[in-house]
S.K.: 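Dropping the structure in here first, questions after.
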Amino acid sequence: MSALADGPVRYGLTQEQRDLRDMVRELAVGRIAPRAAAIDAAGEFPQDVRQLLAEHDVLALPFAEAYGGTGTGTLMTVVAIEEIAKACASSALILAVHDLGTLPIRIDGSDELKARVLPKYAAGEWLAAFALSEPDAGSDAGALRTNAVAVDGGWRLNGAKNWITNAGVAGAYVVFAVTDGAAPPSRGMTAFLVEADAPGFAVAKLEHKMGMRGSPTGQLTFDDVFVPDGNVIGSVGDGFKVAMRTLDRSRLGIAAQALGIAQGATDYAAAYARERTAFGKPINQLQAIQFKLADMETRTAAARELLYRAAAKADHDEPDLGKYSAMAKLFCSDTAMDVTVEAVQVLGGYGYVTEYPVERMMRDAKLTQIYEGTNEIQRVVVGRSLR
Ligand code: CAA
């Protein structure tokens with residue numbers, strides 16, 4: 001049965017959530033936007049923004065009240081990521097990965113593990129990270145080689161992970177490793193929480209990226225790292241499904257980041273076109289520019305509706321969430337890419353130089369089509385749901 005046949009899922013923000021959104025918007029406009037260009041130029045993780053988000057309980061948004069969170073749900077987290085991304089995509093990724101890297105624990109972790117670690121994340125004491133991808137296992141997430149062998153009281157992990165966001169700044173890493181001893185693709189894997197100070201764990205390399213430069217991406221290595229039984233997430237052997245259940249929800253965060261980039265670029269281009277004159281009038285009175293801005297605004301608004309609907313499905317545990325989050329991630333990120341390319345065009349030469357923010361937005365948008373499952377993988381997920 002199609003989703004629409006079930007009737008529309010209702011969504012909206014309560015007054016408390018609207019107040020929260022306004023607070024995040026104020027932080028983004030007043031405190032984060034003025035830092036965005038410098039964060040990009042330096043290519044360094046903004047510890048000051050992390051601190052700001054922690055102090056204002058923005059990092060508590062993904063968590064239930066029982067663990068020190070705001071208990072305000074997925075749609076609220078999505079809206080907050082969108083607001084921050086309008087100003088600075090790298091800063092928005094701090095919250096998006098906080099969601100991604102704690103979802104395995106929130107969905108599948110034991111009560112003991114949740115009580116022990118979630119309050120540290122909610123307080124912003126720990127940042128999160130999700131370590132699934134490997135040098136030879138990206139889209140094909142079942143082809144992992146990092147392995148874990150059972151020992152007295154826990155497990156010993158060996159291997160390497162690639163493209164890991166928050167490498168070097170996370171307090172702990174959710175790491176997926178093969179536990180059935182079979183050759184890949186075995187999917188007999190398990191999820192573990194590896195604390196950053198575990199002996200044998202190292203950040204071997206940090207990448208130099210085209211965009212999202214304020215967010216560290218790196219390679220992790222595990223050399224006989226001991227992980228106690230209490231840090232196993234979910235059942236032994238169930239790791240692939242832990243990862244898939246997580247991505248079904250976390251992709252909403254990347255969609256929100258992409259949406260924020262698209263809206264930020266549209267707003268900037270529209271404001272520029274009001275001021276910039278050519279042929280004796282503001283360029284927003286020229287149809288060539290007007291139509292571009294109209295398409296940018298329309299596509300961004302459509303992306304928002306799809307994303308908010310998908311987020312509401314997460315909040316209502318709807319069975320077609322996976323399909324909707326894949327569609328939202330696909331549509332929002334393609335929108336961000338197209339819209340930011342057009343924003344650069346509206347600004348002309350000014351769009352191509354670092355003095356103006358739209359070239360940064362264009363570089364940042366590209367990554368949203370790649371990580372948390374390439375858009376080709378999102379099409380696989382959607383396509384399979386139609387079989
Ligand atoms: N929820 C629960 N279970 C699921 C599931 C889901 N969404 N999707 C699949 N499964 C189950 C299947 O039912 C199946 O179970 P059984 O073995 O019991 O039958 C099992 O998992 C295997 O499923 P598939 O055969 O469908 O698996 P597949 O190998 O064909 O892979 C895929 C499916 C969708 C392509 C998956 O590999 C995938 O999502 N790949 C992309 C990985 C990805 O997104 N990586 C991003 C890394 S994170 C990142 O980028 C973060 C960052 O730093 C910001």
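Start at 1 and go down the list; that is how both ligands and their atoms are numbered.
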S.K.: Tell me, please: is Ser133 in heavy-atom contact with ligand 1, that is, under 4.0 Å?
M.R.: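 The answer is yes, since Ser133 has a heavy atom less than 4.0 Å from ligand 1.
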S.K.: Is it the case that more than 12 heavy atoms not belonging to Glu207 sit under 6.0 Å from its CD atom?
M.R.: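 Counting other residues, nucleotides and ligands, CD of Glu207 exceeds 12 neighbours.
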S.K.: Do ligand 1 and Gly373 have nitrogen or oxygen atoms that lie under 3.5 Å from each other?
M.R.: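 Looking only at distances, the answer is yes, because the N/O contact criterion of under 3.5 Å is met.
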S.K.: Salt bridge check: are Asp267 and Lys86 linked by an N-O gap of less than 4.0 Å?
M.R.: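 Salt bridge: no.
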S.K.: Identify the residue among Val117, Val175, Leu113 that makes a side-chain contact (heavy atoms from CB on, under 4.5 Å) with Asn231.
M.R.: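 The residue from Val117, Val175, Leu113 that satisfies side-chain contact (heavy atoms from CB on, under 4.5 Å) with Asn231 turns out to be Leu113.
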S.K.: Between Asp136 and Ala143, which heavy-atom pair has the shortest distance, and what is it?
M.R.: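 Asp136 and Ala143 have their closest heavy atoms at O-CB, 4.4 Å.
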S.K.: Number the atoms of ligand 1 from 1 as they appear, then name those within less than 4.0 Å of a heavy atom of Gly138, with their elements.
M.R.: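 This gives 42 (C) as the contact atoms.
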S.K.: If I apply the N/O under 3.5 Å rule, does Ser139 come out as touching ligand 1?
M.R.: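 Yes.
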S.K.: Given Met212, Arg245, Lys241, Gln378, which has its nearest heavy atom closest to atom 17 (O) of ligand 1?
M.R.: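 Residue with the shortest heavy-atom distance to the ligand atom: Lys241.
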S.K.: Using heavy-atom distances, let me know which of Leu247, Leu100, Asp140, Asp248 sits nearest atom 7 (N) of ligand 1.
M.R.: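 Closest candidate by heavy-atom distance is Asp248.
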S.K.: Hey, is ligand 1 close enough to Arg187 that some N/O pair sits below 3.5 Å?
M.R.: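 Yes, there is a polar N/O contact under 3.5 Å.
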S.K.: Look up atom 32 (C) of ligand 1 and tell me if a protein heavy atom lies less than 4.0 Å from it?
M.R.: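 No; the ligand atom in question lacks any protein heavy-atom contact below 4.0 Å.
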S.K.: Report the part of Thr165 in contact with ligand 1, treating N, CA, C, O as backbone and CB onward as side chain, heavy atoms under 4.0 Å; options are side chain, backbone, both, neither.
M.R.: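 Looking at Thr165 and ligand 1, atoms from backbone and side chain both fall under 4.0 Å.
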S.K.: When you look at CD of Glu195, are more than 12 heavy atoms from neighbouring residues, nucleotides or ligands closer to it than 6.0 Å?
M.R.: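 More than 12 within 6.0 Å, yes.
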S.K.: Does Val380 have a non-hydrogen atom less than 4.0 Å from ligand 1?
M.R.: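 It does not, in that no heavy atom of Val380 comes within the 4.0 Å cut-off of ligand 1.
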S.K.: Please tell me if the side chains of Phe222 and Val194 come closer than 4.5 Å, counting only heavy atoms from C-beta onward.
M.R.: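 Heavy-atom side-chain distance check passes, below 4.5 Å.
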S.K.: Before you tell me yes or no, could you show the steps for Arg116 and Glu112 under salt bridge (charged side-chain N to carboxylate O under 4.0 Å, His left out), namely the whole-Å CA-CA distance, both residues' side-chain angles and the distance that decides it to 0.1 Å?
M.R.: CA-CA 6 Å; Arg116 175 156 53 88; Glu112 186 279 322; 2.8 Å; yes
S.K.: Out of all atoms in ligand 1, which are within 4.0 Å of some heavy atom of Ala141? Include the element for each.
M.R.: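 Heavy-atom distances to Ala141 below 4.0 Å select 37 (O), 42 (C).
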S.K.: Just checking Phe192 against Tyr173, ring centres under 6.0 Å apart?
M.R.: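 Between Tyr173 and Phe192, which both carry aromatic rings, the centre distance is not below 6.0 Å.
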S.K.: So which bit of Leu93 gets within less than 4.0 Å of ligand 1, heavy atoms only: side chain, backbone, both or neither?
M.R.: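 Neither part.
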S.K.: Measure the shortest side-chain to side-chain distance between Ser91 and Ile39 over non-hydrogen atoms and say whether it is less than 4.5 angstrom.
M.R.: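 SC-SC contact between Ser91 and Ile39 confirmed.
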S.K.: Please work out, at 4.0 Å between heavy atoms, whether the side chain, the backbone, both, or neither of Arg251 comes within that distance of ligand 1.
M.R.: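 Looking at Arg251 and ligand 1, just side chain atoms fall under 4.0 Å.
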S.K.: Any idea which part of Trp163 is under 4.0 Å from ligand 1, heavy-atom wise: side chain, backbone, both or neither?
M.R.: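 Only the backbone of Trp163 comes within reach of ligand 1.
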